There are 2 protein chains.
Amino acid sequence: MVVWERPEPPERPVPAPLSRDRIVRAAVQLADADGLDAVSLRKVAAALDVRPMRLYGYIASKEELLDLMVDAVHAEIRPAGDGWREALRSLAEAVRRAAHRHEWLADLLGGRPQLGPRALASGEAVVAALDGIDVDDVMPVVAAVNAYAIGAVRREIAERRAERATGMDERRWQAELGPYLERTLATGRFPALATVVRDAAHRDADETFRIGLDLLLDGIEARFAG
Amino acid sequence: MVVWERPEPPERPVPAPLSRDRIVRAAVQLADADGLDAVSLRKVAAALDVRPMRLYGYIASKEELLDLMVDAVHAEIRPAGDGWREALRSLAEAVRRAAHRHEWLADLLGGRPQLGPRALASGEAVVAALDGIDVDDVMPVVAAVNAYAIGAVRREIAERRAERATGMDERRWQAELGPYLERTLATGRFPALATVVRDAAHRDADETFRIGLDLLLDGIEARFAG
DNA sequence: TACTGGACGATACACCGTATCGGGACGAGG
DNA sequence: CCTCGTCCCGATACGGTGTATCGTCCAGTA
């Protein structure tokens, strides 16, 4: 059959150009939109118009994909500011801001060692800013600030989710947990707790985070940079 | 057929007596032995010689089972000691010890609000010990120590697992991560980090945890109990 | 005794991560 | 240029997950 009347071959779907970067971006997008549970290799593959097993050319397991996602977000975590104190504070606050932008980060933070290039770059930046501190003290100090940031952020995100889950309202969890807590405290089994909840000023999340961070930084200053 | 020659009905397995407590104990045992991934409703049910759906009479979802597991472990977390400082320190160290006994706890800590009776009892005990501190400052202080403990413990357990995964050896991760880190630091892209890793004294996990905790407690003391 | 309401849990569903291995692309040898 | 062998890709399949559904069976009542 001559070429003039021979039909073109069926439009073969161009194999979607793929890369770790594209895969990770798709996964992050899914997680941002619908939470970490929405990240499955099948869904990521579908978002890229690709069959699932194709991904295994770029990653060895789902765990690796999660590691890559965390490292990708570390690009947004760059300490800035003059002096060790500002560097540490901005590190902690950058972690918190990143977790606000990507709530799923709270589920992953601290779950596995972060040794990707962007995480190391964050570490490099903060360690470099700590040159006023004895080299033997740098690691414990950074570790402490990191630990605080991770724990505080997890707690904050967990609370935010619990509030959202019980009815989408902002101030009071009306549906379940609020009344449960009130009832439980009213039993008198937790008198000190009840007093604090009743009488103490209720701080918002920003303030709570800042207070704890300041306490830790004060302690560091007194010990190492006095 | 007369009863004399009619066989007895097949020995029906006595329906295993069940309770939340038994279910949670079985789940904790599975998690202690083989990690959190080994906890599935099917495996828990099998351990209790029961069909999976039976469990839904006692819990509404797997998430609730995990909440119950965390609360059960909180029975081991009781702050002790005289004065607010000792109470906070022993709280943090009790969390850490619990996570050493139940590594899976690190995966769950801070992931959801802890409002079970045993978790509240821990909170009650520590808040009661803080009566020397202004009522408005109690929550932020406890939250800060809790945040630090959660973050530090997660980090520590994550590292321990990474070491174990790369070849079961204690001091040096020979298989993968160690050499990777050395190679990466040798590139010169992270000079400050490389200096610290090369020159600084390497602290063990106990010491690292204690240092960070002391820093935080110092900061609290300076601000609120001075 | 006959009926009925409700609780229980076997079955089934939708989905997961990934091991396997058939088939097709491609390079080498005749 | 054709054939054969190799290797690698990815469709298929497997063994698992959490839990919705709804048939079955039993207890309680009329």
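Chain letters run A, B, ... following the sequence lines, proteins first, then strands; residues in each count from 1. Just so it is clear, the structure is predicted and the values come from calculations on it, not from any experiment. Basis for what follows: all heavy atoms, side chains included, without hydrogens, waters or symmetry-related copies.
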So for atom CD, which belongs to B:Glu64, do other residues, nucleotides or ligands contribute more than 12 heavy atoms lying within a distance under 6.0 Å?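 Yes, because the 6.0 Å sphere around CD of B:Glu64 holds more than 12 heavy atoms from other groups.
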With a 4.0 Å cut-off on N to O distance, would you call A:Lys43 and A:Asp37 a salt bridge? no
Salt bridge check: are A:Asp71 and A:Arg20 linked by an N-O gap of less than 4.0 Å? no
Just the rounded figure in Å: distance from [atom2] of [N] to [atom1] of [X].
{"X": "A:Asp37", "N": "C:dG17", "atom1": "CG", "atom2": "P", "result": "11 Å"}
{"X": "B:Arg54", "N": "D:dG18", "atom1": "CZ", "atom2": "C1'", "result": "19 Å"}
{"X": "A:Asp34", "N": "C:dC16", "atom1": "CG", "atom2": "P", "result": "12 Å"}
{"X": "A:Arg51", "N": "C:dA19", "atom1": "CZ", "atom2": "C1'", "result": "20 Å"}
{"X": "B:Leu55", "N": "C:dG9", "atom1": "CG", "atom2": "P", "result": "10 Å"}
{"X": "B:Leu41", "N": "C:dC13", "atom1": "CG", "atom2": "C1'", "result": "16 Å"}
{"X": "A:Tyr58", "N": "C:dT18", "atom1": "OH", "atom2": "C1'", "result": "18 Å"}

Keeping A:Glu93 on the side-chain end and A:Leu91 on the backbone end, is there a donor-acceptor pair under 3.5 Å? no
Distance in Å, B:Ile157 CD1 paired with B:Glu103 CD, rounded so as to fall on 0.5 Å steps: 4.5 Å
Rounding to 0.5 Å, atoms CE (B:Met69) and CD1 (B:Ile23) come to a distance of 12.5 Å
Want to settle it: does B:Gly57 or A:Pro52 sit nearer the 5' end of DNA chain C, counting the closest nucleotide to each? B:Gly57
Can you check whether B:Lys43 has a side-chain N or O nearer than 4.0 Å to OP1 or OP2 of D:dT17? yes
Does the side chain of B:Tyr56 get closer than 4.0 angstrom to OP1 or OP2 of C:dC8 through an N or O atom?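 Negative; the distance criterion is not met.
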Is any side-chain heavy atom of B:Val73 closer than 4.5 Å to one of B:Trp104?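 Result yes, sub-4.5 Å side-chain heavy-atom pair found.
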Five pairs per end, C1' atoms only: what is the angle between the end axes of the helix from C:dT1-D:dA30 to C:dG30-D:dC1, to 10 degrees?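 It works out to 30° between the end axes.
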Counting heavy atoms from C-beta on, name the nucleotide in D:dT21, D:dG18, D:dA11 closest to the side chain of A:Met53. D:dA11
Got a sec? Which of residues 59-72 of chain A come in under 4.0 Å of DNA chain C, heavy atoms?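 Those residues whose heavy atoms fall under 4.0 Å from DNA chain C, taken from residues 59-72 of chain A in numerical order, are A:Ser61, A:Lys62.
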Under-3.5 Å donor-acceptor pair between B:Arg42 side chain and D:dG18 base: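 Result: at least one qualifying N/O pair found.
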Between A:Pro52 and A:Arg42 the two heavy atoms that sit nearest each other are CG-CG, 4.0 Å
Locate the shortest heavy-atom distance separating B:Ala27 from B:Val39; write the atom from each residue and the value. O-CG2, 3.7 Å
